[in-house]
Every structure is written in structure tokens, then in C-alpha cells.
2 protein chains.
Amino acid sequence: MTELEHYIASYLGIGKFDELVQIVSFFKLSTIKKGEYFLKTGKNCDKLSFIKSGFLRIFAASEKEEVTQWIAGKGYFVTDLSSFIFDNPARWTIQALADSELYTISSEDYKKVGTIVSKWHELEKQFIVRCFTLVEDRIFTHLSMTAEERYHYFFEHNKELFNQVPLQYIASMLGMSPETLSRMRRK
Amino acid sequence: MTELEHYIASYLGIGKFDELVQIVSFFKLSTIKKGEYFLKTGKNCDKLSFIKSGFLRIFAASEKEEVTQWIAGKGYFVTDLSSFIFDNPARWTIQALADSELYTISSEDYKKVGTIVSKWHELEKQFIVRCFTLVEDRIFTHLSMTAEERYHYFFEHNKELFNQVPLQYIASMLGMSPETLSRMRRK
DNA sequence: AACTATTCTTGATAAATATCAAGAATTTCA
DNA sequence: TGAAATTCTTGATATTTATCAAGAATAGTT
């Protein structure tokens, strides 16, 4: 199995191997250079990508500053889900934090998958429910933890990010100032 | 159209009226008294309810205290989504904050809907994506707003809660202490 | 209505976190 | 490689929010 087959099988639980191969064949490998934009707020997000290597930052502008919603690395899917599914204007801007390799499916091809794979909508739903649960958990961390606890929790689960991504973005994503993150790291 | 038909049509966009009527027929009206539990953490959540009247609080125990994740009122659906879809043990406890009327569908009947309504999984997926987007927005409020801004934002959008629900739960849901919420209200 | 529970408010104080400013370290790029 | 730009750290200080404690207000119960 290729890497992408492996990930899609484990995320979506595609049972039949020939279906899996068909799905994967829709994804095209491309690269994006550090600093380039995958998506800008207001545009339509017509693609869903799987990160083979590199990092992408999902963020939006608030009144005062940029707010980093998430940083996605190897093995993550990236898209503006609402824009991708409903053809809304995107709420997020997505930018490469490093040269990255992406397997990308267009929304056009994505729609075809439903006609090819039996139970696709069921599997897709289940995948989105898992995403929903993760985001819900993240709210819980904001309701029940201090900044320092969030830092530790995140650090334990995402060590790889800390050497490869500017810390200011991690701070924003954790809901604290860069100075505060810096001080917590010292300990 | 009944109230429930109206809500389900607007949330899920069911096109065919006879399908809508069939779906709604699975929902049974029942009542739950103030203080009673709709669901307890660790149990299986085998039902999805629509609130006709009243309020339910969704919460979980953290190390220190109870953390209120959300308070649902009239017009909301309540369930532990992950438990309902995957038959996991529930992560949330759900308790009535007032005598409430619920339209409830069992997970058993819920599964039948997929066989009755064409495009059900598609519609269901779209509904869950909307829920995902709402939760994502909520994270954004924690990353970009102060406690006071979150209070104002929430108050503007949920005025009805403030007279009918203990404020300590609203405070918890907004990620602040009850005293802080009290002080903000004074202004 | 009177008693009890619970919830809410308020003040005093402590703790957590943000802001500002400057210098150090690192990265970028010509 | 070296200069410029960006990012990170650190200290001093301000602001926000939490905690503790007590009394006031409200809701629940007999």
C-alpha cells in the first residue's frame, strides 16, 4: 500500500481494496513553497489536500491580529470544510510554513467519489464526526485548563511541531501571547 | 407543518414532504424533569432529541470541577454525537436545567432513516459540517477574544438564556469564573 | 409564610497572563 | 559570507481574571 492509501484506509475505513485504489487515484501530488497560499479568506475552497510532508498554517484575521486556528503537518487533511462542502467563501486563510508536498483532490472529483464508492457518504460522515469530536475536545481544553496546562498538553501530543514551526504561531493557536509561551518553555 | 417538521426541514433541507413526515414520525414526545439526567458519562447514548421546550446542560467533570460545554434550549438537538454514531461510551453528561419537552429518536430508528430517505447521508453530513463550523467558530472566540468580549458576544446571541438558567453554568461555558461573569453583568 | 437551599454579588487580594521595550538568536537572501 | 529581516527571549510593569470569604438575593419546600 502506498502512504496515501494507508492513511485513507485508516481514516475512512474503506473496506474494498479496489475502491481504495480508485479513490487514491483522484489525488494528485503537487508541491507548495514556503510562504505560498493554499487558500485565502473569501475565495472558494475547491480542494482537499493530504499533507505528505511540510506544514500548513490555518488562520484568520481578527480585529487586532492574525489568529492561528491550527497548524497541520504530515498525515493531516487540510481544507476549509464549510467552503469545500457548500461552496461558501472560505473563512480561513491557509499558508505553507515550509516547502510542502500535498496530495490534492478537486471538489469536482470529490463529488465523483460518492458515485463510485458504496457507503461513501456514511464513511465521510463518520470521518467528519471524528473531526467534530476533536474540535469539541479542544474547546474543553480552553474551558478547563490554564495556558500552561494547554501548553503541556499540546507539547506532549505534538512535539514535532516545536522545532519546525515559528513559536509565535503555536502560541496563537494555544490562545496565549508569544512571550508567555516562551516563558513556559524555559521551565 | 408541525414545529418539528419545520425545524427538521430547515436544518436538514428535506425536499420531499412525505419523507419529512416519515422522519418526524420516528420522533416520540416525552418530558424530562428539572435535575433529571438525559445521559451520563460512560453510558451509551442511544438517542437524539430535539428540544421542544426547556433547557439541557451538557457538561463533563474535569480534574477540579464540572465544566459546562454547552446549554441547549428550544430548537436545539442534543446528543453525544460520537457516542450516538459510534456506540462509544459517552464523554458528556446531559442534565435537564428545567422541566423540558423532548422529541426523541432512538439510534435504532435513526439507522432506519437512511434506508427510507434518499440522500439521507448527504443531508446528515451537511448538518454535521454545519455543527463542526459552529464549534470551530467557538474556538476562534477563545483564541481572539477576552472574557469580556466573549460575554458580550454570547449575550447578544443568546439573551433568552440569561433569565432562565443559573449564571454559574453560563460562566463555565464561557470559560470564566462565576464572579467574573457577575462583574461583567453589572456594567 | 417561614425556613432552607442555592445562587448571586461584592470586596479584598492573589495569581495568571498581556503588553511594551530592548537585546539576543536565528533565519533569509543577495 | 555577511547584512538585513525576522523571530525569540527576558525584564519591568500593567491588566485581566481567579480565588476566597461573607452577606444579599432568589428559589424551593413544607
Side-chain angles (χ1 to χ4, degrees), chain A residues 32-37 54-55 57 59 62-68 71 95-100 139-155 158-159 161-187, chain B residues 32-36 54-55 57 59 62-68 71 95-100 139-155 158-187:
Chain A
I32 180 171
K33 287 219 181 304
K34 179 170 179 172
E36 285 180 355
Y37 289 93
F55 294 97
R57 178 171 74 107
F59 66 98
S62 79
E63 286 160 27
K64 310 156 205 159
E65 76 233 303
E66 282 180 1
V67 174
T68 297
I71 296 165
Q95 187 180 25
L97 286 181
D99 292 355
S100 306
I139 288 184
F140 195 78
T141 68
H142 280 276
L143 299 183
S144 65
M145 295 181 184
T146 64
E148 187 160 2
E149 289 166 333
R150 287 200 302 281
Y151 161 69
H152 280 119
Y153 184 82
F154 185 79
F155 180 72
N158 301 274
K159 284 209 174 67
L161 275 187
F162 282 78
N163 298 318
Q164 303 181 261
V165 157
L167 294 172
Q168 53 177 317
Y169 301 135
I170 295 177
S172 172
M173 175 181 151
L174 290 173
M176 65 184 75
S177 69
E179 293 92 337
T180 297
L181 179 62
S182 175
R183 290 189 174 97
M184 285 169 182
R185 269 160 52 82
R186 187 167 29 158
K187 300 196 207 170
Chain B
I32 180 171
K33 287 219 181 303
K34 179 170 179 173
E36 286 180 354
F55 294 97
R57 178 172 75 106
F59 66 98
S62 78
E63 288 160 25
K64 309 157 205 156
E65 76 234 302
E66 282 179 1
V67 175
T68 297
I71 296 165
Q95 187 181 26
L97 286 180
D99 293 354
S100 306
I139 288 184
F140 194 79
T141 67
H142 280 276
L143 298 183
S144 65
M145 295 182 185
T146 64
E148 186 160 2
E149 287 166 335
R150 286 201 303 281
Y151 161 69
H152 279 118
Y153 184 82
F154 184 78
F155 180 73
N158 301 274
K159 284 209 174 66
E160 73 287 0
L161 276 187
F162 281 79
N163 298 318
Q164 303 181 260
V165 157
L167 295 171
Q168 53 176 318
Y169 301 135
I170 295 177
S172 172
M173 175 180 152
L174 292 173
M176 66 184 75
S177 69
E179 293 93 335
T180 298
L181 179 62
S182 176
R183 290 189 175 97
M184 284 168 184
R185 269 159 53 81
R186 188 164 29 159
K187 301 194 205 168

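Nothing here was measured: the structure is a model prediction, and the numbers come from that model. The figures that follow rest on heavy atoms only: side chains count, while hydrogens, waters and symmetry mates do not. To find a chain, count down the sequence lines: A is the first, B the second, and so on, and within it residues start at 1.
Residues from residues 160-167 of chain B placing a heavy atom under 4.0 Å of any atom in DNA chain C, listed by number, are B/P166, B/L167. For DNA chain D, the neighbouring residues in residues 175-182 of chain B, judged by any heavy atom under 4.0 Å, are B/G175, B/M176, B/S177, B/E179, B/T180.
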Would B/E66 and B/Q95 satisfy side-chain contact (heavy atoms from CB on, under 4.5 Å), going step by step from the backbone distance to the final call? CA-CA 12 Å; B/E66 282 179 1; B/Q95 187 181 26; 5.9 Å; no

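Although no hydrogens or angles enter the test, the distance criterion places no donor-acceptor pair under 3.5 Å between the side chain of B/T68 and the main chain of B/F59. When atom types are taken as modelled, the side chain of B/S172 and the backbone of B/V67 share no donor-acceptor pair closer than 3.5 angstrom.
Taking B/S182 as the reference, nothing meets the side-chain contact (heavy atoms from CB on, under 4.5 Å) condition, with sequence neighbours excluded. In this structure B/R150 satisfies the side-chain contact (heavy atoms from CB on, under 4.5 Å) test together with B/T141, B/H142, B/M145, B/A147, sequence neighbours excluded. Among residues two or more places apart in sequence or in another chain, the side-chain contact (heavy atoms from CB on, under 4.5 Å) test is passed with B/E148 by B/T146, B/H152, B/M184, B/K187. In this structure, A/Q164 has no side-chain hydrogen bond (donor to acceptor under 3.5 Å, both in side chains) partners at least two apart in sequence or on a different chain. For B/E36, there are no salt bridge (charged side-chain N to carboxylate O under 4.0 Å, His left out) partners at least two apart in sequence or on another chain. Here B/D99 pairs with B/K33, B/K34 under the side-chain contact (heavy atoms from CB on, under 4.5 Å) rule; sequence neighbours left out. The ring-ring contact (aromatic ring centres under 6.0 Å, His included) check on A/F155 picks up A/Y151, A/F162, with sequence neighbours excluded.
Note: B/R186 CZ to B/L181 CG = 12.0 Å, rounded to the nearest 0.5 Å.
Axis deviation across the helix from C/dT6-D/dA25 to C/dA30-D/dT1 amounts to 60°, comparing end segments of five pairs, rounded to 10 degrees.
Put simply, CG on B/L174 is 14 Å from C1' on D/dT17, counting in whole angstrom units. Straight-line distance from the CD atom of A/Q168 to the P atom of D/dA5: 17 Å, rounded to whole Å. Here D/dT16 presents its C1' atom at 11 Å from CZ of B/R150, a figure rounded to the nearest Å.
For D/dA24, the base adopts the anti conformation, since its glycosidic angle falls more than 90 degrees from zero.
Within the nucleic acid shown, A/R183 comes within 4.0 Å of at least one base atom, counting heavy atoms only.
Chain B approaches DNA chain C over the interval C/dT7 to C/dA12, counting the first and last nucleotide 5' to 3' with an atom under 4.0 Å from its heavy atoms.
The side chain of B/K34 contributes an N or O atom lying less than 4.0 Å from OP1 or OP2 of D/dG28.
Applying the salt bridge (charged side-chain N to carboxylate O under 4.0 Å, His left out) test to pairs two or more places apart or on separate chains, those with a residue in residues 158-181 of chain B are B/E156-B/K159.
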